[in-house]
Structure formats: structure tokens, C-alpha cells
Amino acid sequence: MKVQEVRLEDSFGVTKRRYILLNSDNQPIVPVVKYLKYLDNVGKAENTLKSYCYHLMLYYKFLDEVDNSYEDVSLELLSDFIGWLRHPYGGKKVVPLEEVAAVRSERTVNIILTCVIGFYDYLLRFQDYQNEISKIVKTQVSGSHRKFKSFLHHITQGKPVDKNILKLNEPKRRIKTLSEYQIKSIHDACTNTRDSLLLLVLYEGGLRISEALSLWIEDFDIGKNAITIRKSKTRAGEGRKVFVTEKTMNFFQDFLIEFHADDIDTNYVFFKLTGPNRGQPLDYSSTRSWVKRMKSKTGIDFTTHMFRHTYATELLRNGVNIKTLQDLLGHENVQTTIDIYLHPSDDDIRKEWERAHSNKMKKRIEDVE
């Protein structure tokens with residue numbers, strides 16, 4: 001069983017990557033193909049389609065191992081699937097002699113399970129399939145379990161809400177950020193204006209990589225040092241304005257002069273500079289290759305999303321209020337911003353301890369005097 005990448009060309013001549021799940025006989029698994037096509041039609045991102053295809057490959061591998069069909073799903077089967085995903089040796093045939101760490105985190109398992117339940121929800125809604133497993137895995141709990149109050153909370157308060165009974169409790173993770181020195185090192189390692197500009201846009205604007213790759217030339221307002229986000233994963237994110245330094249706008253103008261020549265017919269800011277696909281929009285695969293090269297050059301372990309985390313953390317430390325930060329990041333709910341960023345980092349805790357310790361020592365000296 002494997003995932004097969006397929007390259008298609010749209011009406012604008014842009015190459016798109018799509019994914020098909022093949023069985024052991026190299027034949028497409030039709031229900032999964034139809035599901036992924038449905039997700040593509042409703043506008044899911046290329047990266048999402050790829051992830052879902054790999055998630056469903058894991059599920060079908062599990063079904064093969066337990067000799068079961070996707071049609072015979074049950075609550076017990078999905079519970080066993082969770083155990084299978086967490087098993088350190090990729091299945092239940094090998095039993096470790098001593099306790100070892102789970103191979104996948106709680107968050108990863110929940111993401112995979114959400115994909116699988118979404119697959120069955122699609123089958124129930126659009127295919128000739130009667131098993132209502134997507135409803136069985138949910139139970140209703142008091143509305144007080146909500147993490148945040150919605151706009152119509154005064155109307156909906158007290159009403160029950162759905163909760164996935166198979167969802168694992170996820171330990172809180174601290175976000176990872178980059179230091180000023182690390183960002184400068186990565187920037188200095190860039191070999192062309194495009195890569196330098198991409199880094200600055202991600203860091204100074206706090207953009208998601210998908211938002212940066214979808215930018216058009218007209219989204220840059222040189223006079224106001226502002227960028228309008230054309231596409232986002234959230235409704236709140238689309239159309240928002242972020243602000244960058246004059247230096248970044250100068251990089252943008254240099255890039256236009258240097259690379260957006262007469263033979264490049266594209267509105268996209270970031271595009272491939274060389275090779276047979278020169279002029280086509282930059283994609284996730286190309287940015288992953290860029291990150292890999294920068295890691296090798298600088299020795300710094302980072303992801304493109306860490307620039308966004310660094311941006312938000314620095315703004316918060318410098319007094320930007322949480323509501324403004326929510327708007328700049330394009331979060332649908334302020335609770336998302338609070339959950340991710342309103343927690344002290346190790347450096348923050350250390351600095352607070354040093355400040356308190358210093359004050360304590362000063363007080364002792366004053367008492368002695």
C-alpha cells in the first residue's frame with residue numbers, strides 16, 4: 001500500500017499535485033480517491049490533501065493487519081486503531097519487554113482520527129453507506145465545556161455540545177521561537193532576494209507559509225509598508241492587513257526589478273526562479289527544500305511556522321494587547337491566541353526568577369544595613 005503523487009495542470013498552466021492511495025496490487029482505493037476529490041473540490045489545500053491521504057493509508061494498513069473491512073467500522077475498531085497508532089513497533093504483534101514511549105503524540109493521533117471520522121462522515125452523506133460511526137463517536141456534554149464564549153453565548157449557554165469520546169487528552173506544548181541571532185543567521189545564509197524576502201515576510205508579518213505563497217504583487221502597499229492577506233485558512237485571516245519594515249519593502253521592490261522580468265507572466269510574488277517550471281508559483285515542496293538547505297548551512301533547526309511564533313511572541317512581550325494580536329494573526333477566536341501565546345517561555349520564567357532573586361538579595365542587604 002502506498003501514496004501515489006499525480007501532477008495535474010490547471011487552466012492557468014499551474015502544476016497541481018494531487019494524491020491517490022493505492023493498494024498492494026497498485027490499484028486505487030476508490031472510496032479514498034472519491035473522498036480526496038471531494039476535499040479538493042471544496043478547496044482544501046494541497047498539503048491537507050497529502051496529509052489526509054497518508055492518514056488514510058495508515059488506517060487501511062491497520063484494517064489489513066486486523067483483517068477487517070472499512071465498511072465494518074465500530075467504536076471498538078477505532079479504539080484499537082488508536083492503540084495501533086501509538087504502538088512503538090507499528091502493530092500489536094510485537095510486545096515490548098519494558099515500557100517505551102508511544103511512537104505518535106496525542107495530537108498526531110487526534111489529527112489522524114479526525115481525518116478517518118471525516119472520511120466516514122463523507123461516506124454517510126454522499127455515498128451509499130449506512131454506518132453512522134461519525135455520530136457514535138460523539139457524545140453531548142454541557143456547553144460549559146467550551147473553551148471560549150461565542151458571540152451568541154447568551155442564547156446558546158446551557159445547551160449541550162458534541163464531544164469526541166475517542167479524543168486523547170493533549171499535553172500543553174510550549175511554542176518554539178527563534179532568537180534575533182538565529183533569524184539573522186538564516187537571513188544571511190539566503191542566496192537570492194526571493195528567499196530573503198520570503199523570510200522577512202514570514203517573520204515581520206507573522207504570515208503562515210500558505211498565506212505568503214498565495215500573495216500577489218498588488219497585495220503589497222509600498223506607501224504604507226502594508227501587506228493584505230489574499231488567502232488564509234480562516235475567514236478572519238483573509239483580507240487582514242499586516243505591516244512590515246521599510247527594509248522589507250525595499251527588498252520587495254528589488255525583487256520585482258531583478259526577477260519579475262518581461263518573460264515572467266505571473267501575479268504571484270513568490271515563484272520558481274530556475275528549471276523547467278521557472279515562473280510557476282512557489283509551492284510547499286520548494287519551501288521545504290529551502291528550509292532543508294538553510295538548516296544544513298546554519299545548523300539551526302527551524303520550521304517556517306517558527307517565524308510566525310517568534311513574531312507573535314515578540315509583539316506580546318513589547319506590549320501589544322491580545323485582541324490586536326488576534327487580528328494580526330488572523331485567528332477566528334481570541335481564545336486560540338490566548339491558548340498558544342499567553343504562556344511564559346523558559347526564557348521568560350528564567351528572567352522573572354532572576355529579577356525576583358535580585359530583589360530578594362537587595363532586600364537582605366538593606367535589612368542588614
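Only heavy atoms go into these numbers, but all of them, side chains included; no hydrogens, no water, no symmetry mates. Predicted model only: the values in this text are computed from it and were never measured.
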Note to self: Hydrogens and angles aside, do Thr313 and Thr310 bring a side-chain donor and acceptor to less than 3.5 Å of each other?
What the structure shows: no
Note to self: Can you confirm if the aromatic rings of Tyr122 and Tyr35 lie within a centre distance of less than 6.0 Å?
What the structure shows: yes
Notebook entry, point to check: Donor-acceptor pair, Arg278 side chain versus Leu273 backbone, under 3.5 Å?
Noted result: yes
Margin query: Between Tyr120 (side chain only) and Tyr70 (backbone N and O only), is there a donor and an acceptor less than 3.5 Å apart?
Written below: yes
Next item on the list: Kindly determine whether Asp40 and Lys44 satisfy salt bridge (Lys or Arg N to Asp or Glu O under 4.0 Å), including the steps that lead there.
Entry: CA-CA 5 Å; Asp40 187 19; Lys44 292 296 183 182; over 6 Å; no
Check: Are Glu314 and Tyr203 linked by a side-chain donor-acceptor pair shorter than 3.5 Å?
Finding: yes
Check: Does a side-chain N-to-carboxylate-O contact under 4.0 Å join Arg208 and Glu211?
Finding: yes
Next item on the list: Output yes when Glu238 and Arg240 qualify as a salt bridge under the 4.0 Å nitrogen-oxygen rule, no when they do not.
Entry: no
Notebook entry, point to check: Are the charged groups of Glu332 and Arg235 less than 4.0 angstrom apart, N to O?
Noted result: yes
Check: Are Asp121 and Arg125 within salt-bridge range, i.e. N to O under 4.0 Å?
Finding: yes
Checklist line | Qualifying residue for ring-ring contact (aromatic ring centres under 6.0 Å, His included) with His187, from Phe251, Phe307, Tyr181 | finding: Phe251
Notebook entry, point to check: For the residue pair Trp216 and Tyr268, does the interplanar ring angle fall in the parallel (under 30°), tilted (30 to 60°) or perpendicular (over 60°) class?
Noted result: perpendicular
Item checked: N/O donor-acceptor pair under 3.5 Å between Asn192 side chain and Arg194 backbone -> yes
Next item on the list: Taking atom types as modelled, find out whether Thr324 and Asn321 have a side-chain donor-acceptor pair closer than 3.5 angstrom.
Entry: yes
Could you list the donor-acceptor pairs under 3.5 angstrom formed by side chains in residues 289-302, with sequence neighbours left out?
unit_1 : atom_1 : unit_2 : atom_2 : d
Ser289 : OG     : Ser285 : O      : 3.1
Lys295 : NZ     : Asp301 : OD1    : 3.3
Lys297 : NZ     : Ala189 : O      : 3.2
Thr298 : OG1    : Met294 : O      : 2.7
Thr298 : OG1    : Ile300 : N      : 3.2

Note to self: Taking CD in Glu180 as the centre, count heavy atoms belonging to other residues, nucleotides or ligands within less than 6.0 Å. Is the count above 12?
What the structure shows: no
Check: Any chance CD of Glu354 has more than 12 other-residue heavy atoms, nucleotides or ligands included, within less than 6.0 Å?
Finding: yes
Next item on the list: Could you verify whether a donor N or O on one side chain and an acceptor N or O on the other, from Ser185 and Asp188, lie under 3.5 Å apart?
Entry: no
Check: Do Asp221 and Thr228 have side chains that get closer than 4.5 Å, going by heavy atoms?
Finding: no
Check: In terms of hydrophobic clustering (I, L, V, M, F, W, Y; side-chain heavy atoms under 4.5 Å; direct or indirect links), are Trp84 and Val66 co-clustered?
Finding: yes
Next item on the list: Kindly assign one of parallel, tilted or perpendicular to the pair His260 and Phe255, based on the angle between their ring planes and the thresholds 30° and 60°.
Entry: perpendicular
Note to self: Test your reading of the model: is there a side-chain donor-acceptor pair from Arg308 to the backbone of Gly206, 3.5 Å cut-off?
What the structure shows: yes
Check: Using the benzene-type ring in the case of Trp, are the ring centres of His55 and Phe119 under 6.0 Å apart?
Finding: no
Check: Are Tyr341 and His309 close enough that a side-chain donor and a side-chain acceptor fall under 3.5 Å?
Finding: yes
Notebook entry, point to check: Under 3.5 Å, side chain of Asp283 to main-chain N/O of Ser286, donor-acceptor pair present?
Noted result: yes
Check: With side chains defined as the heavy atoms from C-beta onward, is the minimum distance between Thr48 and Tyr52 less than 4.5 Å?
Finding: yes
Item checked: Note: Arg86-Glu106 ion pair, threshold 4.0 Å (strictly below) -> yes
Margin query: Quick one, Leu328 and Tyr311 - any side-chain contact, counting heavy atoms below 4.5 Å?
Written below: yes
